[in-house]
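Only one structure is covered here, and it is reproduced in the block below.
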Amino acid sequence: MTTTSEPRVSGLEIRSIDYVPLDERHGKLWHLGPLWFMSNAQIATLAVGLISITEGGNLIWSLIAIVAGTVLGTFFMAFHSAQGPQLGLPQMIQSRPQFGYIGALLVWLFAYIQYAGFNVFNTILAGEAMHTTVHGGVKLWVVVVTVVALVIALVGYDVIHKAEQFLTYTFLVVFGIFTVGVLVTLHYPAGSFDLGAFKWTPFLAQFGVVAGYQISWAIYVSDYSRYLPPDVTVRKTFYWTYFGSALGGIWLMVLGALLAAWAGKDFDTIKSINAAGDKVFTGFGAIVLLFAVLGLVSVTALNMYGGSLTLISAVDSIRRVRPTLSVRLVTIGLTAALSLVGALAATSNFLENFNNFLLLVLYLFIPWTAVNLMDYYVVRRGHYAIAEIFNPHGIYGRWGWQGIIAYLVGFGVMVPFFAVGTLYTGPVADALGGADISLFIGLPVAGALYWWLTRSIDVAAEARLAEAEAEELEQAAHEHREP
């Protein structure tokens with residue numbers, strides 16, 4: 001039985017890591033399009049498109065790398081999104097069947113670091129944009145942005161979807177005009193569109209960072225699809241997520257590459273946007289920046305929301321917690337506070353090393369996405385005993401040795417292929433002139449190894465157990481006790 005009726009609980013969202021019962025499922029599938037479009041269509045994404053230009057690549061090959069990296073990376077995150085309506089669970093709690101009740105702490109730690117890291121970057125960018133346009137000091141605006149995002153995250157799922165829909169419509173107007181201005185009024189260096197000026201190292205650096213950035217959304221996606229009824233189908237959920245995220249990502253990354261090629265060594269995210277906007281008409285740069293701040297507020301709220309879910313999952317693995325409203329409030333508040341402290345304490349080195357941060361995110365989540373998707377689509381084919389995910393002594397065990405081994409081996413074989421700016425260059429990457437192809441190594445190795453290690457899993461028995469526990473699962477969800 002499924003339903004598309006609105007949830008009976010109004011105001012603040014109550015649910016967190018717990019299962020969403022069928023009669024609370026609501027929303028429309030197309031809502032995923034604006035949400036993932038706008039999540040990517042903000043100026044933190046713009047910074048991802050700079051890598052090739054700053055490393056000596058020309059503009060045309062930078063644009064090709066951006067499109068290729070987006071096409072590949074978004075593929076994985078969209079397949080994760082399709083898991084949400086089928087399981088009724090947020091994304092990272094779904095790692096327990098692969099990594100175990102306690103073993104999943106490994107990936108949750110990395111996920112929480114990602115949420116915090118992106119929020120530091122987002123709030124600093126927003127603070128600089130506000131200081132440039134209305135003044136008042138970067139740190140003051142960092143605090144204001146954090147507080148506003150905190151309120152949005154506290155209200156939760158429905159208001160996040162509605163905010164992203166509104167921002168999508170206004171984005172198309174504001175950034176549509178801005179993009180036309182960038183294409184028409186800016187001039188680019190000689191050779192920018194020379195296809196014969198190909199260089200492997202900046203091309204692969206740009207491709208890898210873009211793919212990693214898109215894959216990094218994989219830890220979010222089911223969080224924002226889990227309230228949808230399961231009859232929306234995997235294919236349609238994939239399409240709305242994929243095209244929304246890919247279009248938003250390509251648009252902003254391409255803008256980043258164009259601005260970087262135009263500004264050259266003088267490029268600065270906020271100053272360059274302001275200057276390019278003013279070429280359309282005086283004062284338009286400020287309008288673009290003020291709107292961009294709204295986008296940064298929304299994605300900061302997403303990070304707080306997802307960070308809270310990850311933190312609750314981690315605490316629950318150590319000591320079982322009942323997923324109540326008070327737990328949501330405390331964990332969102334703590335996540336906001338940690339992000340705020342990081343933003344206020346950050347130096348210019350953090351901003352300069354954002355590229356390295358993106359690469360590290362890619363490295364950490366490549367083997368996880370391979371393991372999770374292999375388990376869901378090939379090994380268990382979407383059949384999970386959801387109640388057992390919340391049972392520390394259940395069928396999934398405390399330590400999922402198959403997932404942990406596949407993850408560690410997948411990560412380990414990538415190390416020689418790493419090229420992390422000035423931090424580390426592996427021997428293979430060094431032999432390739434600094435080109436990073438670790439993505440193409442970690443994904444197949446981790447996925448194939450996990451499949452091989454899980455051949456003995458009795459999926460039919462797990463499906464029978466899930467069916468037997470289904471009625472109790474719904475009842476427990478209605479009574480708001482775990483799961």
Side-chain angles (χ1 to χ4, degrees), residues 1-3 15 17-25 76 78-104 107 218 221-223 225-238 313 316-317 368-407 446-479 481-483:
M1 173 184 176
T2 62
T3 179
R15 300 199 178 278
I17 63 171
D18 47 332
Y19 168 77
V20 179
L22 295 177
D23 63 356
E24 286 187 23
R25 304 296 185 91
F76 298 97
F79 268 122
H80 284 289
S81 180
Q83 297 169 352
Q86 307 307 313
L87 300 182
L89 296 174
Q91 190 67 63
M92 295 310 291
I93 199 74
Q94 298 174 32
S95 296
R96 279 180 175 169
Q98 302 97 53
F99 295 90
Y101 194 87
I102 296 177
V107 291
V221 281
S222 283
D223 299 354
S225 62
R226 74 189 196 275
Y227 280 89
L228 291 170
D231 57 8
V232 295
T233 77
V234 168
R235 178 178 296 180
K236 291 181 180 178
T237 307
F238 172 89
S313 300
D316 186 69
S317 289
W368 169 79
T369 199
V371 167
N372 183 267
L373 292 178
M374 179 63 72
D375 185 65
Y376 186 89
Y377 288 101
V378 178
V379 176
R380 290 186 166 95
R381 298 185 180 183
H383 300 295
Y384 292 85
I386 294 173
E388 297 299 301
I389 291 175
F390 296 92
N391 183 357
H393 306 290
I395 61 172
Y396 299 121
R398 297 173 71 80
W399 300 93
W401 62 270
Q402 300 102 322
I404 294 171
I405 290 174
Y407 178 92
L449 180 58
Y450 182 77
W451 171 81
W452 186 76
L453 292 172
T454 55
R455 291 173 300 162
S456 62
I457 289 179
D458 190 343
V459 178
E462 291 186 6
R464 289 193 296 270
L465 179 60
E467 185 176 355
E469 294 178 339
E471 184 175 348
E472 171 60 21
L473 175 69
E474 293 291 326
Q475 184 63 34
H478 282 116
E479 296 174 3
R481 54 185 171 85
E482 205 168 34

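Quick caveat: nothing in here was measured; it's all calculated off a predicted structure. All values below were derived from every heavy atom in this structure, side-chain atoms included, with hydrogens, water molecules and symmetry-related copies excluded.
- For Arg381, the side-chain contact (heavy atoms from CB on, under 4.5 Å) partners are His383, not counting sequence neighbours.
- Every residue two or more places apart in sequence or in another chain that forms a side-chain contact (heavy atoms from CB on, under 4.5 Å) with Ile405 is listed here: Trp401, Val409, Leu449, Leu453.
- A pairwise comparison of heavy atoms in Glu469 and Ala387 identifies OE1-CB, 3.4 Å as the closest pair.
- Using a 4.0 Å cut-off between a side-chain N of Lys or Arg and a carboxylate O of Asp or Glu, Arg96 and Glu388 do not qualify as a salt bridge.
- The closest side-chain donor-acceptor pair between Tyr101 and Asn391, if any, does not fall under 3.5 angstrom.
- Going from atom OG of Ser317 over to atom CD1 of Ile102 covers 7.0 Å, rounded to the nearest 0.5 Å.
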With a cut-off of 3.5 Å and sequence neighbours excluded, list every side-chain donor-acceptor pair involving residues 81-92.
residue : atom : partner : partner atom : Å
Ser81   : OG   : Thr241  : OG1          : 2.8
Gln83   : OE1  : Gln91   : NE2          : 2.9
Gln83   : NE2  : Asn372  : OD1          : 3.0
Gln86   : NE2  : Pro230  : O            : 3.0
Gln91   : OE1  : Ser222  : N            : 3.1
Gln91   : OE1  : Ser222  : OG           : 2.8

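- Across Glu24 and Val20, no two heavy atoms sit closer than the pair CB-CG1, 4.1 Å.
- By the side chain to side chain donor-acceptor pair (under 3.5 Å) test, Tyr384 pairs with Asp375, sequence neighbours left out.
- Residues passing the side-chain contact (heavy atoms from CB on, under 4.5 Å) test with Glu474 are Tyr19, Pro21, Leu22, His478, sequence neighbours excluded.
- Taking the side chain to side chain donor-acceptor pair (under 3.5 Å) definition, one finds that Thr369 meets it with His80, sequence neighbours left out.
- Of the possible donor and acceptor atoms, one in the side chain of Arg25 sits under 3.5 Å from a partner among the backbone N and O of Leu228.
- Residues that satisfy the side chain to side chain donor-acceptor pair (under 3.5 Å) test with Thr454, not counting sequence neighbours, are absent from this structure.
- Nearest heavy atom pair, residue Tyr407 against residue Val371, reads N-CG2, 4.3 Å.
- The distance from the CG atom of Asp316 to the CD1 atom of Ile93 is 6.0 Å, given to the nearest 0.5 Å.
- Here the closest non-hydrogen pair linking Ser95 and Trp368 is OG-NE1, 2.9 Å.
- Looking only at distances, a side-chain donor or acceptor of Arg455 sits under 3.5 Å from a matching main-chain atom of Trp452.
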For this session: Test Gln98 against Met374 for side-chain contact (heavy atoms from CB on, under 4.5 Å), laying out the working first.
Result: CA-CA 10 Å; Gln98 302 97 53; Met374 179 63 72; over 6 Å; no
Check residues 456-464 and write down every donor-acceptor pair under 3.5 Å in which the side-chain atom is one partner and the other belongs to a residue at least two apart or another chain.
residue : atom : partner : partner atom : Å
Asp458  : OD1  : Ala460  : N            : 3.4
Asp458  : OD1  : Ala461  : N            : 3.1
Glu462  : OE1  : Arg380  : NE           : 2.7
Glu462  : OE2  : Arg380  : NH2          : 3.1

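- For Phe79, the ring pair (Phe, Tyr, Trp, His ring centres under 6.0 Å) criterion is met by Phe75, Phe238, Tyr377, not counting sequence neighbours.
- Between Leu473 atom CG and Asp18 atom CG the span is 10.0 Å, to the nearest 0.5 Å.
- Residues that satisfy the side chain to side chain donor-acceptor pair (under 3.5 Å) test with Tyr376, not counting sequence neighbours, are absent from this structure.
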